[in-house]
Amino acid sequence: MSLFVVWCLMSVGNDNALWDESRLADPHAQPDKAHRVQGMFDAIAPTYELINRLFSGGRDGAWRRAAVKLAKVTGDDDVLDVACGTGDFARAFRDGRITPRRVVGSDFAAQMLIRAAERDQTSMRWVQSDAQKLPYRDGSFSIVSCAFGVRNFQDLDSGLGEMQRVLRDGGRAIILEFSRPPNAIMRAIYEFYSSKVMPIGATLVSGDKTGAYRYLPKSVVSFPDVASFVERLRGVGFSRVETRSLTMGVVTIYAAYK
Ligand SMILES: C[S@@+](CC[C@H](N)C(=O)[O-])C[C@H]1O[C@@H](n2cnc3c(N)ncnc32)[C@H](O)[C@@H]1O
């Protein structure tokens, strides 16, 4: 039996899928997107990191390290990693060339956070909270980071606004997110891989039944492009935004200053 047939059998007729074809037509417009995102990440948490390593060809760690480098961390920095998942980005901050004073990871998916806490409960703090309503006073952190999280927010502007609110003046938001390669050939190759190859492979390896790996490519192509996202960051009050494109534009780092 071909992999494609196996994938069809796993996806079609699965009434429990959080992301079915009708919802995937416009994933960001779903009124209960947050609920579906949370359920999806709770379900895929056990194999989340393995899938990232396998299907990014081991690049995801380098992407996070490049973002940490752009943050120009000092020993006086207090870092809040929003939508921290299993903690890969927060750990990259802790393990960078200079260790910040404090690293806190926050996420609303308990199963992701449990895995983060299993790794480290001493040098970092893990907090279950919604990025749309962060439980911190204005100006509490000097760096607010988010890797592959903002695309999943129910309301992008209010999530970015919360990141800006909890930053102190002079602080920076460091955001890592998938983007669409500007080169047409590269874009076609990458989008064939991410919409056809990756969903089958990742669904098979993870045993996912939520539709998570079909949501991923759809949520990327329907997310604001780099220029529009920079405007959204300015729109919530960031004064200056730098971008750096990685892996021929598959991923972009945004450094937004308050
Ligand atoms: C693709 S994972 C990224 C995890 C981690 N940042 C990393 O680099 O691997 C996205 C994470 O965003 C979290 N998330 C999405 N929307 C959220 C929200 N509104 N509040 C808190 N966490 C959220 C999900 O639960 C999930 O753990």
Side-chain angles (χ1 to χ4, degrees), residues 18-19 27-28 30-56 58-68 71 79-95 103-117 119-120 124 126-136 143-163 166 173-179 194 198 202 206 208 210 212-220 223 246 250-254:
L18 290 165
W19 293 104
H28 302 303
Q30 300 306 311
D32 55 357
K33 178 184 171 193
H35 164 74
R36 292 178 187 283
V37 164
Q38 189 174 12
M40 168 180 96
F41 281 105
D42 273 330
I44 63 172
T47 54
Y48 173 77
E49 290 184 16
L50 171 69
I51 297 291
N52 282 354
R53 302 300 174 276
L54 284 178
F55 292 94
S56 73
R59 295 304 300 155
D60 66 311
W63 294 334
R64 291 189 190 85
R65 287 192 295 277
V68 169
V79 181
L80 173 66
D81 185 37
V82 172
C84 67
T86 57
D88 268 344
F89 201 27
R91 282 189 294 276
F93 273 97
R94 181 200 59 189
D95 300 338
V103 182
V104 179
S106 80
D107 200 287
F108 66 5
Q111 292 304 317
M112 297 289 272
L113 273 182
I114 285 169
R115 278 151 183 94
R119 295 268 198 94
D120 186 325
M124 287 182 282
W126 307 103
V127 176
Q128 187 172 21
S129 67
D130 188 342
Q132 312 275 169
K133 208 172 175 217
L134 293 170
Y136 297 103
I143 297 179
V144 178
S145 59
C146 187
F148 309 111
V150 295
R151 180 174 32 88
N152 299 299
F153 291 171
Q154 178 79 53
D155 180 328
L156 179 59
D157 294 321
S158 88
L160 296 178
E162 273 295 88
M163 292 176 69
V166 300
I174 303 294
I175 297 171
L176 191 58
E177 193 48 88
F178 287 111
S179 43
S194 65
M198 185 279 294
S206 63
D208 172 57
T210 67
Y213 296 104
R214 284 179 289 143
Y215 162 83
L216 174 67
K218 295 276 186 188
S219 66
V220 173
F223 191 68
L246 303 175
V250 166
V251 165
T252 299
I253 309 171
Y254 304 84

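For this chain, numbers begin at 1 and follow the sequence in order. Numbering of ligands and ligand atoms starts at 1, following listing order.
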Over 12 foreign heavy atoms within 6.0 Å of NZ, K33: yes
Going by side chain to side chain contact (heavy atoms under 4.5 Å, CB included), name the residues that satisfy it together with [X], two or more places apart in sequence or in a different chain.
| X | result |
| --- | --- |
| S179 | V226, T252 |
| L54 | L50, V205 |
| D130 | F108, Q132 |

Is there any protein N/O under 3.5 Å from an N/O of ligand 1, and what does the full list of such pairs look like?
from, atom 1, to, atom 2, distance (Å)
ligand 1, 6 (N), A83, O, 2.9
ligand 1, 6 (N), A147, O, 2.9
ligand 1, 8 (O), R64, NE, 2.9
ligand 1, 8 (O), R64, NH2, 3.2
ligand 1, 9 (O), Y48, OH, 2.7
ligand 1, 9 (O), R64, NH2, 3.0
ligand 1, 19 (N), D130, OD1, 2.9
ligand 1, 20 (N), D130, OD1, 3.4
ligand 1, 20 (N), A131, N, 2.8
ligand 1, 22 (N), F108, N, 3.2
ligand 1, 25 (O), D107, OD1, 2.6
ligand 1, 27 (O), D107, OD1, 3.4
ligand 1, 27 (O), D107, OD2, 2.7

N/O donor-acceptor pair under 3.5 Å between Q154 side chain and Q30 backbone: yes
Ion pair check, R53 and D88, cut-off under 4.0 Å: yes
